Undergrad: 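Before we start, here is the structure in question, set down as structure tokens.
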Amino acid sequence: MKSLRAERLSAEYQKAVYEVISTKLKYKTDKIRGIVSVTKADVSPDLKNAKIYISVLGKNAEESAETFAAISEHAGFIRYELAHMMQMRTVPELHFLRDGTMEYGDKIDRIIKEIHKEEEGQK
């Protein structure tokens, strides 16, 4: 079970990483496209590593993969910016993981809309 401090830090890192990606990184590289969401951050108890779950909703799978790759490539830059934003002795090493919840939700939404169109066409 995570301590209260680790849970609070995870929430703060989630917000801070999103802020860095949506502002500073987006202007640093033109490879960030589509809707980027930081769905979860999981900081280890020793505060040395953090798993950051990223969900990217792009025009197509290639654009989403390119955006995720750009974020992963700039992990050092994001960590550097976090060091300036957060008042902590050490900033954990960031490990980005792909979270497909936005893509899955979009797929389900399209299926439901398609079913509704078919039902209205039959009436």
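Just so you know, these numbers come straight off a predicted model, no measurement behind them.
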Undergrad: Taking all non-hydrogen atoms of both residues into account, name the closest pair between Ser44 and Lys48 and its distance.
TA: OG-N, 3.4 Å

Undergrad: Would a 4.5 Å heavy-atom cut-off, applied to side chains only, mark Val36 and Phe68 as touching?
TA: no

Undergrad: Run the salt-bridge test on Glu93 and Arg79 with the 4.0 Å N-O cut-off and return the result as yes or no.
TA: no

Undergrad: Judged by atom type as modelled, is there a donor-acceptor pair below 3.5 Å linking the side chain of Glu63 to the main-chain atoms of Lys59?
TA: yes

Undergrad: Check whether more than 12 heavy atoms from other residues, nucleotides or ligands sit under 6.0 Å from atom OH of Tyr53, and answer yes or no.
TA: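 Result for OH/Tyr53: enclosed.
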
Undergrad: Less than 4.5 Å apart, any side-chain heavy atom of Thr39 and any of Ile54?
TA: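 When only atoms from C-beta onward are counted, Ile54 and Thr39 do not touch, as no gap falls below 4.5 Å.
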
Undergrad: With a 4.5 Å heavy-atom cut-off, do Ile71 and Ile78 have their side chains touching?
TA: yes

Undergrad: Would the distance check show the side chain of Ser55 and the main-chain N or O of Asp99 forming a donor-acceptor pair, the cut-off being under 3.5 Å?
TA: yes

Undergrad: Which value, rounded to the nearest 0.5 Å, describes the distance between Asn60 atom CG and Arg33 atom CZ?
TA: 10.0 Å

Undergrad: Closest approach of Ala16 and Leu82, non-hydrogen atoms and distance?
TA: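 Reported closest heavy-atom pair: CB-CD2, 3.4 Å.
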
Undergrad: For Val17 and Phe96, which heavy atoms make the closest approach, and how far apart are they?
TA: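 Heavy atoms of Val17 and Phe96 come nearest at CG1-CE2, 4.2 Å.
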
Undergrad: For a 4.5 angstrom cut-off between non-hydrogen side-chain atoms, does Asn49 reach Leu94?
TA: no

Undergrad: Just verifying a value: how many Å separate Lys113 NZ and Glu118 CD, rounded to the nearest 0.5 Å?
TA: 15.0 Å

Undergrad: Within the 4.5 Å heavy-atom criterion, are Tyr13 and Lys51 side-chain neighbours or not?
TA: no

Undergrad: For Phe77, what residues pass the ring pair (Phe, Tyr, Trp, His ring centres under 6.0 Å) criterion, not counting sequence neighbours?
TA: none

Undergrad: Salt bridge or not between Glu81 and Lys24? Use side-chain N to carboxylate O under 4.0 Å.
TA: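 Salt bridge between Glu81 and Lys24, a charged N being under 4.0 Å from a carboxylate O: yes.
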
Undergrad: How long is the span from the CG atom in Leu9 to the CG atom in Asp42, to the nearest 0.5 Å?
TA: 11.5 Å

Undergrad: Can a donor-acceptor pair be found, under 3.5 Å and without considering hydrogens, that links the side chain of Thr67 to the backbone of Ile32?
TA: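 Not at all, since once roles are kept as given, no pair shorter than 3.5 Å links the two residues.
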
Undergrad: Output the distance between atom CG (Asp106) and atom CD1 (Ile111), rounded to the nearest 0.5 Å.
TA: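 If I round to the nearest 0.5 Å, the distance is 10.0 Å.
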
Undergrad: Taking the side chain as C-beta and beyond, is there a heavy-atom pair between Met85 and Val20 under 4.5 Å?
TA: yes

Undergrad: Within this structure, what is the CG-CD distance for the pair Leu25 and Glu73, rounded to the nearest 0.5 Å?
TA: 10.0 Å

Undergrad: Taking side chain as C-beta onward, heavy atoms only, is Ser64 less than 4.5 Å from Arg98?
TA: yes

Undergrad: Using side chain to side chain contact (heavy atoms under 4.5 Å, CB included), reason through Leu97 and Ile52 one step at a time and then give a plain yes or no.
TA: CA-CA 6 Å; Leu97 302 169; Ile52 309 294; over 6 Å; no

Undergrad: Shared ILVMFWY cluster between Tyr80 and Tyr18, side chains joined below 4.5 angstrom?
TA: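 Result: no, two separate clusters.
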
Undergrad: Tell me, do Val91 and Met86 make a side-chain contact under 4.5 Å, heavy atoms counted?
TA: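 A side-chain contact under 4.5 Å is absent here.
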
Undergrad: Can you measure from OG (Ser22) to OH (Tyr27) and round to the nearest 0.5 angstrom?
TA: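 The OH atom of Tyr27 is 8.5 Å from OG of Ser22, to the nearest 0.5 Å.
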
